[in-house]
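Accompanying notes for the structure given below.
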Amino acid sequence: MSKPNLDTLTRALRAEVQGDDPVREVETFDRIVADLNRKKVSFLSMRRVPLVLLAAAFVFATALAGATGRLRSVFAAVERLMGAGTKAAPQEPLRPAPASSVLPPVDTPPQVAEAPSSLLLPTAIGSVAAAPSVRLSHSKSVLPTASAPTDVPTEASSVAVPAAPIDAVALDESLYREAHRLHFVDHNWSGALTAWDAYLAKVKGGKFALEARYNRALCLVRLGRTADAKRALAPFARGEYGAYRQSEAQGLLDRLEQAPPKGGVVP
Amino acid sequence: MMQALLSTTHESLEDRSVDTLVSGLRAGDREALRSCYAAHHQSVRAFARRLIGDADVAEDLVHETFLSLLSAIRNYRGDNTLRSFILGIAVQHTRHHLRSAVRRRAMMVRAEDAPPPSNPTPETSASRKQLAEVLTRALDKLSDDQRIAFVLCEVEERTSREVAVIVGAKEEAVRARVFHAKKKLRELLNEQGEGR
């Protein structure tokens with residue numbers, strides 16, 4: 001009864017790890033590339049973070065100011081600044097001119113200070129602020145609460161517009177991430193196939209669409225759907241996407257031609 | 001023998017010279033990474049599987065090794081082979097993978113409430129896989145350094161000089177690690193044999 005000695009066991013371990021798994025090799029490389037891309041994307045996303053925060057802070061501050069009724073004073077300050085900036089030196093002689101062009105003649109000095117506020121605002125800030133500032137010029141005490149709600153949504157909607165593409169990018173990334181997890185972490189090929197399909201349907205021209213298409217083909221190989229897999233790999237092998245995955249796709253197609261992958265069984 | 005065969009195959013896969021490949025990697029070129037992966041992934045994978053004894057965890061190590069290659073390549077001076085350098089990266093990343101594989105194996109043994117594979121004899125027609133598993137479980141008892149040195153020197157049949165380059169240690173230290181590893185493994189295997 002001779003026990004295997006250390007040399008025998010060492011030889012066994014040496015010989016045991018000789019087999020290779022072509023699909024797995026490709027998948028691992030795919031995972032590497034995907035992670036490198038994600039690093040790049042997250043770096044770019046990080047660069048966008050300050051802008052997004054700035055925009056969010058601006059929206060919040062504007063909404064808060066509108067709700068508390070301080071927006072008007074802000075507008076007034078802006079107007080004063082604009083007025084001071086553009087017409088600093090000849091303040092007094094120039095003011096009556098624009099005022100007289102729109103409003104009835106202004107006589108008293110105190111009203112001269114408010115009159116430009118309604119006139120300069122549209123050019124200084126935009127049409128959004130026109131309504132409240134006109135009310136301001138008429139009466140401060142009558143409509144303080146009425147003007148507040150109109151400010152908030154108008155400001156918010158006008159500033160929040162750039163956030164939409166960021167949401168789309170986030171959706172794009174989250175779909176991709178989910179599919180990637182199912183594929184490369186859970187090894188849930190059927191789930192991953194569905195997820196890749198969902199990603200491709202949602203973001204047709206997504207930045208990872210090509211990669212998603214290739215990963216989808218890998219899922220088909222894994223699931224033993226040889227005919228579908230061949231169809232999915234063929235464009236890559238033909239070079240329709242340039243050199244992207246061309247050699248890997250051709251290699252997989254060759255292997256599929258020779259023999260089906262281990263019964264398409266999920267390892 | 002097998003390593004020589006693999007290296008021949010790998011080298012024929014790629015026409016790029018090492019210099020071109022390295023400069024491509026330094027520039028973050030994906031094609032260079034692809035070529036490098038094609039040329040070296042089998043060596044890294046084989047080492048990872050032999051060392052860790054778990055195909056899934058080994059695959060994670062392969063992934064991590066090549067993922068960090070693009071940044072690590074800046075430190076490549078060209079005084080050793082690129083393969084040794086890449087295996088060195090794998091060694092650097094190996095520790096927590098080893099821990100998780102060892103934990104997983106121990107957990108599986110507990111969950112199955114079964115003893116680890118017994119020390120098989122030729123009479124019990126033990127498969128090669130079983131024999132390899134016996135050694136893997138015995139390797140779990142070694143320190144990481146001893147384990148790495150044993151796998152690289154004894155299982156992969158690399159010279160102690162090459163292993164010293166890979167692990168970043170002196171040749172004498174590598175030899176000492178292998179010596180102690182073999183001694184401990186023999187003791188462990190004897191204990192297992194007596195315990196049956």
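In what follows, chains carry the letters A, B, and so on, assigned in the order in which the sequence lines appear, proteins first and then strands, with residues in each chain numbered from 1.
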Would you indicate whether the side-chain heavy atoms of [Y] and [X] approach each other to under 4.5 Å?
X	Y	result
H63(B)	E27(A)	no
D56(B)	R24(A)	yes
I32(A)	L69(B)	no
N37(A)	R30(B)	yes
L131(B)	L13(A)	no

I'd like to know if the side chain of R14(A) and the backbone of E154(B) have a donor-acceptor N/O pair within less than 3.5 Å. yes

Less than 4.0 Å between a side-chain N and a carboxylate O, is that true for E59(B) and R31(A)?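 Answer for the salt bridge query: no.
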
Of the listed T28(A), D7(A), V33(A), the one with the largest count of heavy-atom pairs under 4.5 Å with chain B is T28(A)

[atom1]/[X] to [atom2]/[Y] distance, rounded to the nearest 0.5 angstrom?
X	Y	atom1	atom2	result
L6(A)	K184(B)	CG	NZ	14.0 Å
S71(B)	L36(A)	OG	CG	9.0 Å
Q42(B)	E25(A)	CD	CD	5.5 Å

Flag if over 12 foreign heavy atoms under 6.0 Å of OH, Y241(A): yes

Tell me whether R161(B) at atom CZ has more than 12 heavy atoms from other residues, nucleotides or ligands lying less than 6.0 Å away.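 Open: at most 12 neighbouring heavy atoms sit under 6.0 Å from CZ of R161(B).
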
Could you look at A138(B) and say if it's the side chain, the backbone, both or neither that has a heavy atom under 4.5 Å from chain A?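 Contact with chain A is absent: no heavy atom of A138(B) under 4.5 Å.
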
Taking side chain as everything from C-beta outward and backbone as N, CA, C, O, which of these in L185(B) sits under 4.5 Å from a heavy atom of chain A? Side chain, backbone, both or neither.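 Only the side chain of L185(B) comes within 4.5 Å of chain A.
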
